[in-house]
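Please read the structure below before turning to the comments.
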2 protein chains.
Amino acid sequence: MKIGQVSKKTDLSVQTIRYYETQNLIKSAGRTDGNFRVYDSKVIEQLEFIKHCRHLDLSLSDIKRINELRDNPNAVCEEVNELINDQVKMVKIKMKELRHLKTQLEALTDSCSNNQKVGDCGIIKSLQECDC
Amino acid sequence: MKIGQVSKKTDLSVQTIRYYETQNLIKSAGRTDGNFRVYDSKVIEQLEFIKHCRHLDLSLSDIKRINELRDNPNAVCEEVNELINDQVKMVKIKMKELRHLKTQLEALTDSCSNNQKVGDCGIIKSLQECDC
DNA sequence: CTTGACTCTATAGTGGCTATAGATATTAAA
DNA sequence: TTTAATATCTATAGCCACTATAGAGTCAAG
Ligand SMILES: [Zn+2]
Ligand SMILES: [Zn+2]
Ligand SMILES: [Zn+2]
Ligand SMILES: [Zn+2]
């Protein structure tokens with residue numbers, strides 16, 4: 001299987017697949033005489049795994065670590081747990097920041113009646129005076 | 001006033017202030033004989049304005065646009081309003097994504113009892129089997 | 001044998017900074 | 001006055017996870 005076919009099967013761009021290789025997340029099985037990458041079907045599973053992890057916004061280095069752990073099925077899975085828990089913490093922090101942001105932005109939209117002159121616009125006034 | 005003092009007053013790093021200059025968000029009033037940037041107190045207000053906008057996660061190009069509008073106090077402020085409304089939309093989208101993320105991550109943590117072997121870990125199994 | 005689709009490497013760009021390196025300028029202490 | 005410490009200058013590279021080129025080579029169908 002060549003890279004274009006892998007791309008179609010996984011819905012990842014060809015560049016992304018090559019990028020994952022540079023980051024040592026995957027390997028091609030080898031090359032053709034013409035230097036084209038050749039893959040076996042195992043790579044599809046690996047890329048789907050990476051995709052799921054990326055959906056969870058795990059970093060590529062976290063994913064690399066999880067892959068290393070997967071290669072030692074007898075190790076204790078504590079570290080996997082920690083990775084996911086840290087990710088939950090990060091998500092909670094981001095959510096809190098976004099809630100704060102939303103409150104502030106909506107207060108701003110409330111302070112403008114849309115057809116004022118810029119010089120009188122409540123939004124711009126608020127941005128000048130805000131003391132956060 | 002030299003850049004170090006501006007940095008202290010605004011709590012922005014010297015590099016950040018210089019970066020904002022490269023992006024045409026601020027200008028120094030001039031240079032000393034030794035080529036050091038010189039600022040008047042006006043720049044403090046400008047940088048505070050930028051800081052407030054950044055707190056709202058507005059992009060530097062949005063901030064630049066708002067600054068241009070501030071220079072035309074007789075223009076209608078509709079565009080400012082649109083910028084902020086777009087930002088609210090973005091924040092809402094991101095919050096939705098994060099809520100989805102949090103649900104998935106918490107389901108993952110529930111699927112592992114922490115002291116299993118990697119080969120039996122529910123987290124890793126879920127990551128393999130997930131069909132999202 | 002040519003055409004077109006595919007692949008290769010290398011490089012630059014994204015955003016908003018941060019962090020160097022190496023040179024010059026200014027200020028304060030000795 | 002010399003010297004040492006601090007501040008500033010420009011230019012450049014790095015961060016993250018890609019994306020998008022350019023220019024060259026490879027391969028299959030007609
Ligand atoms: Zn998934
Ligand atoms: Zn307004
Ligand atoms: Zn503020
Ligand atoms: Zn587990």
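Quick caveat, the model's predicted, so the values are computed rather than measured. Just so we're on the same page: letters track the sequence lines, and every chain starts at 1.
- Under 4.0 Å is where a charged nitrogen must lie from a carboxylate oxygen, and between B/Arg65 and B/Glu79 at least one such pair does.
- No side-chain heavy atom of B/Ile50 sits less than 4.5 Å from a side-chain heavy atom of B/Leu12.
- One interatomic measurement links the two molecules: CG of A/Leu60 to P of D/dT19, which rounds to 12 Å at whole-angstrom precision.
- Going from atom CD1 of B/Ile26 over to atom C1' of C/dC17 covers 14 Å, rounded to whole Å.
- Ranking C/dT20, D/dT10, D/dC27 by closeness to the A/Phe36 side chain, first place goes to D/dC27.
- Nearest nucleotide to the side chain of A/Arg31, out of C/dG16, C/dT9, C/dT7: C/dT9.
- When rounded to the nearest whole Å, the span between CD1 of A/Ile63 and C1' of D/dC16 equals 12 Å.
- For B/Lys2, the listed nucleotide lying nearest its side chain is C/dT27; candidates were C/dT27, C/dT9, D/dC9.
- Distances from the side chain of B/Arg54 to the nucleotides D/dC18, C/dG16, C/dC8 place C/dG16 closest.
- Positionally, the nearest nucleotide of DNA chain D for A/Gln15 lies more toward the 5' end than for the other of A/Gln15 and A/Asp33.
- What separates CD1 of A/Ile3 from C1' of C/dA5 is a distance of 15 Å, to the nearest Å.
- Comparing A/Thr16 and A/Gly34 along DNA chain D, the residue whose closest nucleotide (by nearest heavy atom) sits nearer the 5' end is A/Thr16.
- In this structure, B/Ser13 reaches the C/dT18 phosphate: one of its side-chain N or O atoms is under 4.0 Å from OP1 or OP2.
- The residues A/Lys94 and A/Asp57 are annotated as salt-bridged, a charged nitrogen and a carboxylate oxygen being separated by less than 4.0 angstrom.
- Remark: P of D/dA28 and CD of A/Gln5 are 13 Å apart, rounded to the nearest angstrom.
- Between the CD1 atom of B/Ile17 and the C1' atom of D/dT8 there is a distance of 12 Å, rounded to whole Å.
- The phosphate of C/dA10 (OP1 or OP2) has no side-chain N or O of A/Arg18 nearer than 4.0 angstrom.
- One atom, CD of A/Glu21, and another, C1' of D/dC18, lie 16 Å apart when rounded to the nearest Å.
- When the side-chain nitrogen and oxygen atoms of B/Tyr20 are compared with OP1 and OP2 of C/dC17, one or more of them lie within a distance under 4.0 Å.
- Dashed line: the shortest gap from a side-chain N or O of B/Ser59 to OP1 or OP2 of C/dG15 is not under 4.0 Å.
- A cation-pi arrangement, defined by a distance under 6.0 Å to the six-membered ring centre and an angle within 45 degrees of its axis, is present between B/Arg70 and B/Phe49.
- Heavy atoms of B/Ser61 sit nowhere under 4.0 angstrom from any nucleic acid atom.
- Proximity of A/Arg31 to A/Arg37: side-chain heavy atoms (C-beta onward) are separated by under 4.5 Å at one or more points.
- Each of B/Tyr19 and A/Asn35 lies near DNA chain C, and the nucleotide nearest A/Asn35 is the one positioned closer to the 5' end.
- In this structure, CG of A/Leu47 is placed 15 Å from C1' of D/dC18, rounded to the nearest angstrom.
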